[in-house]
Amino acid sequence: MSKKVLYLIGAIIIIFLYYYFALPVINIHSVELWIGVIGLAVLAVVVYAIRKNLRHPRMIKEDKGIRIGVILVLVMGTAFLIGGLLSTTFLNSGKYQKLMSVSERNFQEDVKEISYDKIPLLDKDSAAILGNRKMGSMVDMVSQYEVSDLYTQINYKNSPVRVTPLKYASVIKWLTNRSEGIPAYIRIDMASQNVECVKLKEGIKYSPYEYFNRNLDRHLRFQYPTYIFDDENFEIDEEGTPYWICPVKKYTIGLFGGETIGRVVLCNAITGECKEYDVSEVPEWVDRVYSANLLVEQFDYHGTLKHGYWNSVLSQKDCLQTTNGFNYIAMNDDVWVYTGVTSVSGDQSNVGFVLINQRTRETRFYSVEGAIEDSAMSSAEGQVQNLGYKATFPLLLNISQQPTYFVALKDEAGLVKKYAMVNVQKYQIVAIGDSVSECEEAYEKLMYKNNLLKEEPKDTEEKSVHGVIEKIAPVVLDGDSHYYLLLENDKVIYDVPVKEVTEVLYLSEGEEVTLWYEEEKSDAEEKPNKILIQKIGRDKEEAPAATGSAAGAL
């Protein structure tokens, strides 16, 4: 076998191994591809010169092969630089400004008052703590698997949840478990803080935590060699089937500019089956097509480039930009990115805020002047500075027709301990509560005192239910002991926290009791599935004093 054939076989093997492990995208819009090809061309010229033993500069200059190689490198390098220049905001400020279409809307009409069971009380970090705690209790899996740190926020059956798959604890654990795949994923209800480890009939066999052909990136690259994928999102459909949502980048300005999403590939995490959709035809159960960072970037282009590039750099007239953070709101069965909008000068106040749909990219601007989120967080932390709690990035809620920042306050361990509501326009109005209902009650009273409400809010009406205990069972929720009660001829579960209502320890089935509770707000007309009890009376006429903080329907 000749040396040329051996060289050819060796080159083919090297190219195959490079493609298999590096997974380069074959697309003219890929910066990495251009750099890689130019680098290989330079390397080829150097190797050619060494093999020809071209040591003297004159020999190199006179060699035809070298001249062709250098010309090729220069042509590709020039094309790369020109393509990059034609992609800049400097030459295309108008095109960048029009990447996103923004409509101005009315806050009170669009953002309805939300029921407590729809408010996501946990951020990603708090969700991760609960997920890891749940995994620690799964004795049959904890030695083999860990919880992934993805925690995608989605709407599942019209409720805000975070979902994340398990992953193999090590390469050895992958070797011993790969035939069955990853057996479960974690689902966390962001409102009730209920954590479930959802076990699957058939395991997840395609994920970023697999190796070789079942690795998600490799699986996608072999089917779509020209697609430039954005970060994949883990989601579940309405039946609970796990999918990887894989957005495909599209470049609309020059070679590398005007990044957006053009198509979406849905990959079944169990079977690996892939279906491709145009971005306008994605199924409604999918929540995250556009990443929050991409949407915020496009809005910043819209806000800063309205009078051209030089205005955005020099005078900055009418230039607006997003604040330094964002959060997610569940609305109309979609997930919307929320962030404040402020002037480029950075004056500690918002001129409004924006909601952007992560599935459709619909963008709504609301002109509401007020404090930026950092100020609201500082105001909330100032109310509990003796406890050292830290505020999460706020959610924007409509409380009594007032734009309101809703903030969770966490201790050093990352657990949510209290809640705060801060008025957007008057951030000195801050209410703190141990529960959402208690916080809102205090907040509405403060707004009335500051003439933001015309009518004085009524005290929460205490309600009661009387009946015979049909079943009583102890449970542990987030490390605390509770008892669940079922009364005869009543389908509601009554949740009694032991540390707040110790009387429950003396109850038994068949006993006649009266349960007292405060009913939380809810848009739904049907009776809630669970009710949190504040007081228990073993005698129908009188109940003992409550020992815990106020709470309402879960």
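Keep in mind that the numbers below use all heavy atoms, side chains included, and drop hydrogens, waters and symmetry copies.
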Looking only at non-hydrogen atoms, find the nearest pair between Val368 and Pro403 and report the distance.
-> CG1-CG, 3.8 Å
May I ask you to check whether Tyr443 and Asn423 show a side-chain donor-acceptor distance below 3.5 Å?
-> yes
Backbone N or O of Leu305 within a donor-acceptor pair of the Ser312 side chain at under 3.5 Å?
-> no
Does some side-chain heavy atom of Ser207 sit less than 4.5 Å from a side-chain heavy atom of Ile182?
-> yes
Student check: side-chain heavy atoms of Cys319 and Lys306 closer than 4.5 Å = no
Exercise: do Tyr366 and Asp110 side chains pair donor with acceptor under 3.5 Å = yes
Hey, does Asp374 have a side-chain heavy atom less than 4.5 Å from the side chain of Thr323?
-> no
Side-chain donor-acceptor contact under 3.5 Å, Tyr156 with Glu238 | no
Tightest non-hydrogen contact, residues Leu452 and Gln402, listed as O-NE2, 3.8 Å
According to the interplanar angle, ranging from 0 to 90°, do the rings of His29 and Tyr251 count as parallel (below 30°), tilted (30 to 60°) or perpendicular (above 60°)?
-> parallel
To the nearest 0.5 Å, tell me how far Leu130 CG sits from Asn194 CG.
-> 10.0 Å
Strictly by modelled atom types, are Asp123 and Ser126 linked by a side-chain donor-acceptor pair under 3.5 Å?
-> yes
Check whether the side chains of His219 and Gln223 place a donor and an acceptor atom closer than 3.5 Å, and report yes or no.
-> yes
Could you go step by step and tell me if Glu259 and Leu294 meet the side chain to side chain contact (heavy atoms under 4.5 Å, CB included) rule?
-> CA-CA 8 Å; Glu259 179 184 328; Leu294 175 60; 4.2 Å; yes
With distance as the sole test, does Arg221 use its side chain to make a donor-acceptor pair with the main-chain N or O of Tyr224 at under 3.5 Å?
-> yes
Donor on one side chain, acceptor on other, Asp300 and Thr304, under 3.5 Å | no
Taking C-beta and beyond as the side chain, do Trp244 and Leu266 meet within less than 4.5 Å on heavy atoms?
-> no
Hey, would you say the Trp336 and Tyr328 ring centroids sit under 6.0 Å apart?
-> no
Around atom NZ of Lys98, are there more than 12 heavy atoms of other residues, nucleotides or ligands at under 6.0 Å?
-> no
Kindly say whether Gly325 contributes a backbone atom to a donor-acceptor pair with the side chain of Thr339 at under 3.5 angstrom?
-> yes
Could you give me the CA-CA distance, side-chain angles and deciding distance for Val279 and Val289, then say whether side chain to side chain contact (heavy atoms under 4.5 Å, CB included) is met?
-> CA-CA 8 Å; Val279 71; Val289 172; 3.9 Å; yes
Going from CD on Gln298 to CD on Gln97, what distance comes out if it is rounded to the nearest 0.5 angstrom?
-> 12.0 Å
Ionic contact status for Lys112 with Glu109, cut-off 4.0 Å = no
Does the side chain of Arg218 reach to within under 4.5 Å of the side chain of Asn213, using non-hydrogen atoms?
-> yes
Kindly give the heavy-atom pair with the smallest separation between Asp231 and Pro247, and that separation in Å.
-> O-CD, 3.6 Å
One should read off an interatomic distance between Ile261 CD1 and Ser280 OG, to the nearest 0.5 angstrom, of 13.5 Å
Using atom types as modelled and distance alone, determine if a side-chain donor or acceptor of Asn311 lies under 3.5 Å from a backbone N or O of Lys317.
-> yes
So, are Asp149 and Lys124 salt-bridged, with charged N and O less than 4.0 Å apart?
-> no
Could you tell me whether the side chain of Thr363 reaches within less than 4.5 Å of the side chain of Phe299, counting heavy atoms only?
-> yes
Walk me through it: do Tyr20 and Phe222 pass the test ring-ring contact (aromatic ring centres under 6.0 Å, His included)?
-> CA-CA 9 Å; Tyr20 189 84; Phe222 286 171; 5.8 Å; yes
Using modelled atom types only, decide if a donor and an acceptor are shared between the side chain of Tyr151 and the backbone of Ile186 within a distance under 3.5 Å.
-> no
Apply the test side chain to side chain contact (heavy atoms under 4.5 Å, CB included) to residues Lys173 and Tyr145: give CA-CA distance (whole Å), side-chain angles for both, the deciding distance (0.1 Å), then the verdict.
-> CA-CA 8 Å; Lys173 304 299 172 61; Tyr145 303 95; over 6 Å; no
Provide the full list of salt bridge (Lys or Arg N to Asp or Glu O under 4.0 Å) pairs with a residue in residues 270-299, sequence neighbours left out, each pair given once.
-> Arg263-Glu276, Arg263-Asp278
For the ring pair Phe406 and Tyr419, is the centre-to-centre distance below 6.0 Å?
-> yes
Apply the test side chain to side chain contact (heavy atoms under 4.5 Å, CB included) to residues Leu415 and Arg133: give CA-CA distance (whole Å), side-chain angles for both, the deciding distance (0.1 Å), then the verdict.
-> CA-CA 12 Å; Leu415 299 176; Arg133 182 183 295 176; 3.6 Å; yes
Could you list the residues that satisfy side chain to side chain contact (heavy atoms under 4.5 Å, CB included) with Ala376, not counting sequence neighbours?
-> Tyr405, Val422
Would you say Glu381's side chain and Lys390's backbone share a donor-acceptor pair under 3.5 angstrom?
-> no
Validation row: Ser375, Met377 side chains within 4.5 angstrom (heavy atoms) = no
Step through the shown structure and confirm whether more than 12 heavy atoms of other residues, nucleotides or ligands are within 6.0 Å of CD on Gln108.
-> yes
Exam field: side chain Asn332 to backbone Asp334, donor-acceptor pair closer than 3.5 Å = no
Is there a side-chain contact between Leu122 and Gln193 (heavy atoms, below 4.5 Å)?
-> yes
Could you give the distance from CZ (Arg105) to CG (Leu355), rounded to the nearest 0.5 Å?
-> 10.0 Å
Shortest non-hydrogen contact from Ile432 to Ala420?
-> CD1-CB, 3.5 Å
Given the side-chain rings of Phe256 and Phe80, with only the six-membered ring counted for Trp, is the space between their centroids under 6.0 Å?
-> yes
Residues Asp434 and Lys418: closest non-hydrogen pair is OD1-NZ, 2.5 Å
Between Tyr211 and Tyr168, does the ring centre distance come in under 6.0 Å?
-> no
Pairwise distance CD1(Ile154) to CD1(Ile236) - rounded to 0.5 angstrom = 4.5 Å
Using modelled atom types only, decide if a donor and an acceptor are shared between the side chain of Ser148 and the backbone of Leu166 within a distance under 3.5 Å.
-> no
Are more than 12 heavy atoms from other residues, nucleotides or ligands located less than 6.0 Å from atom CD1 of Ile28?
-> no
If you draw a 6.0 Å radius around OH in Tyr18, do more than 12 non-hydrogen atoms from other residues or ligands fall strictly inside?
-> no
Are any side-chain N or O atoms of Asn92 and backbone N or O atoms of Thr88, one a donor and one an acceptor, separated by less than 3.5 Å?
-> yes
Basic-acidic side-chain contact under 4.0 Å: Glu412, Lys417 | no
Looking at residues at least two apart in the chain, or sitting in another chain, which of them share a ring-ring contact (aromatic ring centres under 6.0 Å, His included) with Tyr209?
-> none
Measuring from Leu220:CG to Cys267:SG, what's the distance to the nearest 0.5 Å?
-> 5.5 Å
Would you check if the side chain of Arg214 reaches a backbone N or O of Lys205 as a donor-acceptor pair within less than 3.5 Å?
-> yes
Taking all non-hydrogen atoms of both residues into account, name the closest pair between Ser343 and Leu320 and its distance.
-> CA-CD2, 4.1 Å
